[in-house]
Amino acid sequence: MFTLPVLPFTLDALEPYIDKRTMEIHHGKHHQTYVDNLNKALSGFPELLALTIDELLSSVQKIPKEIQTAVRNNGGGHANHSLFWSLLAPGKQTPGEPLKDAINQRFGSFEGFQTEFTKAALGRFGSGWVWLIVTPKKELEIVSTANQDTPATDGTGYPVLTLDVWEHAYYLLYQNRRVEYVSAWWNVINWQEAGKRYASAMK
Ligand code: MN3
C-alpha cells in the first residue's frame, strides 16, 4: 500500500507565503485522495503494490489497460506532491554550487531563470506542474506538464525543482492570482534539496 508522507515541516511553517489552511487541505485532503485512489486502483494487483512509485510510473504502459489512467493520474499525483513537499522549506534559501553556476550559465542569471520559470508557470493552461529538469544530455531545462504527468516517467529528464500550479495549490490565499503565488514560492524553496537532486542527476 502507498501511504501519505509526513511533511518535513509544520503546516504553518511556510506562512505567510503558503498558508496553513492551504497546506492542511493540499496535503491532508488532495494528496491523501491521490494515495487512496492509487491504492484502490491497485487492489487486486499485489505485484504492482509491491513496486516503488517510480517503478510503477515508469512501467505504466505495461500494466493492465483498465487501470492505466487511474495509475497515471493518482500515481503521478502521489509522486509529484511527495517531491513538491521535499522541495519546500521555511526560511529563504539560495541555490548553492554547482547548481547556482549551472543556472547562471543556462539562463544568464538567477533573475533570468526566475523570469523563464515564471513564464512557464503562467503559460501552463489549466492544471499542471512546472519543472527544472536535467535532460539526458545533462542540460538544465524548464518544462511544464499537464495534470499529474511528470517528466521523470516519460524520459524527458530528472526533476531538480518543481512547482504545483493547480488552482488547489493557491486558491484559498491567492484566489485566481497565480502570478502572486509563483512570486511568493521563491521564498520557500528548499534549494539544499534541489542541489542534492542536481548533483545526483549529474553523476
Ligand atoms: Mn497539488
Side-chain angles (χ1 to χ4, degrees), residues 1-42 52-54 56-57 60 68-90 117-133 142-154 156-191 193-194 197:
M1 297 283 277
F2 290 94
T3 55
L4 186 70
V6 175
L7 285 174
F9 42 78
T10 59
L11 290 167
D12 61 357
L14 306 177
E15 292 203 354
Y17 307 106
I18 300 176
D19 62 297
K20 182 183 179 191
R21 189 74 185 124
T22 295
M23 284 304 304
E24 268 170 8
I25 294 175
H26 200 178
H27 176 257
K29 304 289 182 194
H30 288 285
H31 189 169
Q32 181 71 62
T33 301
Y34 293 120
V35 171
D36 292 346
N37 287 340
L38 178 62
N39 286 328
K40 206 183 297 171
L42 294 177
T52 67
I53 189 64
D54 291 339
L56 181 64
L57 287 173
V60 77
Q68 281 186 8
T69 302
V71 168
R72 189 184 174 102
N73 289 337
N74 295 292
H78 175 41
N80 291 349
H81 286 89
S82 300
L83 179 62
F84 184 47
W85 311 136
S86 78
L87 285 162
L88 295 174
F117 198 96
T118 302
K119 201 167 120 191
L122 300 181
R124 163 49 51 198
F125 183 78
S127 298
W129 295 75
V130 185
W131 310 82
L132 177 67
I133 59 167
I142 294 168
V143 294
S144 96
T145 56
N147 303 316
Q148 294 297 352
D149 291 349
T150 156
T153 48
D154 60 20
T156 323
Y158 182 84
V160 171
L161 189 64
T162 189
L163 176 61
D164 186 346
V165 294
W166 281 58
E167 257 183 12
H168 70 222
Y170 60 88
Y171 198 81
L172 287 180
L173 190 59
Y174 299 100
Q175 287 80 51
N176 60 321
R177 303 185 302 276
R178 188 186 285 184
V179 65
E180 287 179 32
Y181 160 69
V182 175
S183 106
W185 167 72
W186 296 103
N187 295 287
V188 289
I189 295 173
N190 188 343
W191 281 111
E193 180 65 19
R197 296 186 64 85

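Just so you know, these numbers use all the heavy atoms, side chains as well, and skip hydrogens, waters and symmetry mates. For this chain, numbers begin at 1 and follow the sequence in order. Predicted, not measured: the structure shown is a model, and the values here were computed from it. For ligands, and for the atoms within them, numbers begin at 1 and follow the listed sequence.
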For W129 and T150, does a side-chain donor sit closer than 3.5 Å to a side-chain acceptor? no
Quick check against the 3.5 Å criterion: does H81 have a side-chain atom that pairs as donor or acceptor with the backbone of G77? yes
Could you tell me whether a side-chain N or O of H31 sits under 3.5 Å from a main-chain N or O of N80, the two making a donor and an acceptor? no
Polar side-chain atom of D19 near backbone of E15 as donor-acceptor pair, under 3.5 Å: no
Is R21 reaching over with its side chain to a backbone N or O of L172, donor-acceptor style, under 3.5 angstrom? no
For F2, does its backbone N or O pair with a side-chain atom of N39 as donor and acceptor, under 3.5 Å? yes
Tell me, which protein N/O/S atoms are under 2.8 Å away from the Mn ion (ligand 1)? H26 NE2, H81 NE2, D164 OD2, H168 NE2
